[in-house]
Number of protein chains: 2
Amino acid sequence: MNDVRDTKTRILDTAEKLFAGNGFHGTSLRDITKDAGVNLAAVNYHFGSKDALFEEVFRRRFLPINRIRRDKLERIREEARQENLRPSTREVLQAFLAPVLHFRETEPGAAAFITLVGRTISEPDDRLREILMGHFRPNFFLCFAILCEALPNIPKDVLFWRLQFSIGAMSHTLFLLGHAKVFPEGVIPDLDAGAITDLIVSFVTAGMETQ
Amino acid sequence: MNDVRDTKTRILDTAEKLFAGNGFHGTSLRDITKDAGVNLAAVNYHFGSKDALFEEVFRRRFLPINRIRRDKLERIREEARQENLRPSTREVLQAFLAPVLHFRETEPGAAAFITLVGRTISEPDDRLREILMGHFRPNFFLCFAILCEALPNIPKDVLFWRLQFSIGAMSHTLFLLGHAKVFPEGVIPDLDAGAITDLIVSFVTAGMETQ
DNA sequence: GTCTATAGATTGATAGAC
DNA sequence: GTCTATCAATCTATAGAC
């Protein structure tokens with residue numbers, strides 16, 4: 001009632017939350033429109049279909065994340081070139097992984113989206129996974145290319161797999177952050193985004209550079 | 001027609017394949033029974049429900065994998081104790097991760113199951129994910145405990161997160177192995193299970209031991 | 001054990017009034 | 001733009017004949 005967001009935004013926010021929690025196929029249009037407080041027909045009026053709504057959930061969030069990520073990666077590459085040095089493996093991986101976790105903390109409501117990303121990477125529905133990959137692929141290849149410059153003595157196919165391992169570590173972490181209850185007692189899971197970022201960047205940097 | 005497997009086995013094999021390819025909710029009982037060449041009602045007759053069939057798919061495969069994994073981990077721990085040494089981080093992680101990949105190559109039809117595991121780790125349906133976690137948890141904690149003995153100078157919560165990163169790397173890899181088409185040209189993706197195992201064990205060992 | 005037929009519930013999408 | 005009402009398709013599960 002006092003919700004000043006317009007209908008489109010309310011639907012997007014709610015869809016993001018429910019897709020993250022119950023998956024695309026586990027969320028019906030009735031779930032979304034009821035939770036958002038809008039009419040059942042509003043999704044098809046504003047977005048055209050359930051699929052198109054899913055696409056818009058991703059487009060809205062990925063545009064700013066990808067801009068930051070690409071700018072950081074390009075700057076690292078350019079600065080290394082101007083100083084005739086190799087890019088730093090850690091800085092490359094930091095630029096690739098940190099924006100997502102940072103975004104999770106600073107953007108209101110983004111936590112649900114990040115959980116959704118962690119899930120959609122292994123989404124069974126090829127159509128949905130491709131929507132994610134379309135946003136993700138360009139920066140993946142950019143990161144891969146700069147890593148090859150950073151570590152020219154390691155075979156490219158090894159670096160390729162190691163970057164995939166890093167993405168796996170990351171996506172699993174994003175998923176876990178949305179399901180805090182999996183942690184055992186005695187182990188402190190409540191680390192902030194900065195601490196988690198440091199942990200995972202150290203981990204994958206060591207793995208990437210090992211001989 | 002010439003299929004000598006009994007109805008139960010045919011249903012299990014087919015369900016495993018289709019759940020891996022299209023997800024639990026993307027696979028109907030009609031899909032399964034049609035592909036298996038059995039009657040629609042056979043699933044409910046032999047297993048009771050679609051959920052119970054899913055459970056049996058996991059039980060059948062996890063019993064032998066978990067036995068091998070537990071035996072290997074316990075032996076590493078015991079041998080280290082008798083020689084008054086710390087367990088080797090690499091051997092622990094190898095014992096934890098290798099059986100799944102090895103099983104994928106040697107057991108007929110297991111590849112589909114492994115893909116399914118990689119997917120179910122981030123399954124949106126809590127009920128389904130819990131079926132997997134029930135099989136996975138005991139060996140996870142056993143591995144974690146031995147890692148704490150192997151690396152007593154690294155804080156336990158750091159080791160806990162690093163083991164989670166390792167599982168993420170592993171599950172993403174298992175998923176990718178079921179979707180070879182994601183690889184770019186020029187990079188050779190066709191590594192066998194042994195090569196992939198070496199790559200991932202080296203990666204996570206370096207990440208686990210870094211200061 | 002295997003089959004057909006169907007109950008009973010839920011879904012995405014849309015037509016048409018306001 | 002928003003609403004109600006409803007269509008057509010899909011699903012799991014089961015009753016009951018053979």
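Below, chain A is the first sequence line, B the second, and so on; all start at residue 1. This is a predicted model, so every value here is computed, not measured. Values below: all heavy atoms of this structure, side chains included; hydrogens, waters and symmetry mates excluded.
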Check the distance between [N]'s [atom2] and [X]'s [atom1] and give it to me in whole angstrom.
{"X": "B:L29", "N": "C:dT6", "atom1": "CG", "atom2": "P", "answer": "20 Å"}
{"X": "B:K34", "N": "C:dC3", "atom1": "NZ", "atom2": "C1'", "answer": "17 Å"}
{"X": "A:D51", "N": "C:dT11", "atom1": "CG", "atom2": "P", "answer": "16 Å"}
{"X": "A:D125", "N": "C:dG12", "atom1": "CG", "atom2": "P", "answer": "13 Å"}
{"X": "A:F47", "N": "D:dT2", "atom1": "CZ", "atom2": "P", "answer": "11 Å"}
{"X": "A:R30", "N": "D:dC11", "atom1": "CZ", "atom2": "P", "answer": "17 Å"}
{"X": "B:H25", "N": "C:dT10", "atom1": "NE2", "atom2": "P", "answer": "14 Å"}
{"X": "A:I11", "N": "D:dT2", "atom1": "CD1", "atom2": "C1'", "answer": "11 Å"}

Is the shortest side-chain N to carboxylate O distance from A:K8 to A:E56 below 4.0 Å?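 No, no charged N to carboxylate O under 4.0 Å.
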Got a salt bridge between B:E55 and B:R127, using NZ or NE/NH1/NH2 to carboxylate O under 4.0 Å?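 Not counted as a salt bridge, because no side-chain N and carboxylate O are separated by less than 4.0 Å.
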Look at [X] and [N] and indicate whether a side-chain polar atom (N or O) is within less than 4.0 Å of OP1 or OP2.
{"X": "A:N39", "N": "D:dT4", "answer": "yes"}
{"X": "B:S28", "N": "D:dC11", "answer": "yes"}
{"X": "B:H46", "N": "C:dT2", "answer": "yes"}
{"X": "A:T7", "N": "D:dT2", "answer": "yes"}

Have a look at A:T33 and say if it touches a base, only the backbone sugar-phosphate, or nothing, with a 4.0 Å heavy-atom cut-off.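 A:T33: no heavy atom of the nucleic acid under 4.0 Å.
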Is there a side-chain contact between A:V204 and A:F165 (heavy atoms, below 4.5 Å)?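 No, every pair of side-chain atoms sits at 4.5 Å or beyond.
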Close N or O pairs between protein and nucleotides 14-18 of chain C (under 3.5 Å):
none

Considering only distance and modelled atom types, tabulate donor-acceptor pairs under 3.5 Å from the side chains of residues 101-115 of chain A, sequence neighbours left out.
{"from": "A:R104", "atom 1": "NH2", "to": "A:L177", "atom 2": "O", "distance (Å)": "3.2"}
{"from": "A:T106", "atom 1": "OG1", "to": "A:H102", "atom 2": "O", "distance (Å)": "3.2"}
{"from": "A:T115", "atom 1": "OG1", "to": "A:A111", "atom 2": "O", "distance (Å)": "3.1"}

Roughly how far, to the nearest 0.5 Å, is CD1 of A:I196 from CE of A:M170?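 Rounded to the nearest 0.5 Å, the CE-CD1 separation comes to 9.5 Å.
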Check for me whether the distance between the ring centres of B:F144 and B:F96 falls short of 6.0 Å.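 No, they do not, as the ring centres are separated by 6.0 Å or more.
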Option among B:D6, B:D13, B:T7 that satisfies the side chain to side chain donor-acceptor pair (under 3.5 Å) test with B:T9: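 Going through B:D6, B:D13, B:T7 one by one, the side chain to side chain donor-acceptor pair (under 3.5 Å) with B:T9 is satisfied by B:D6 alone.
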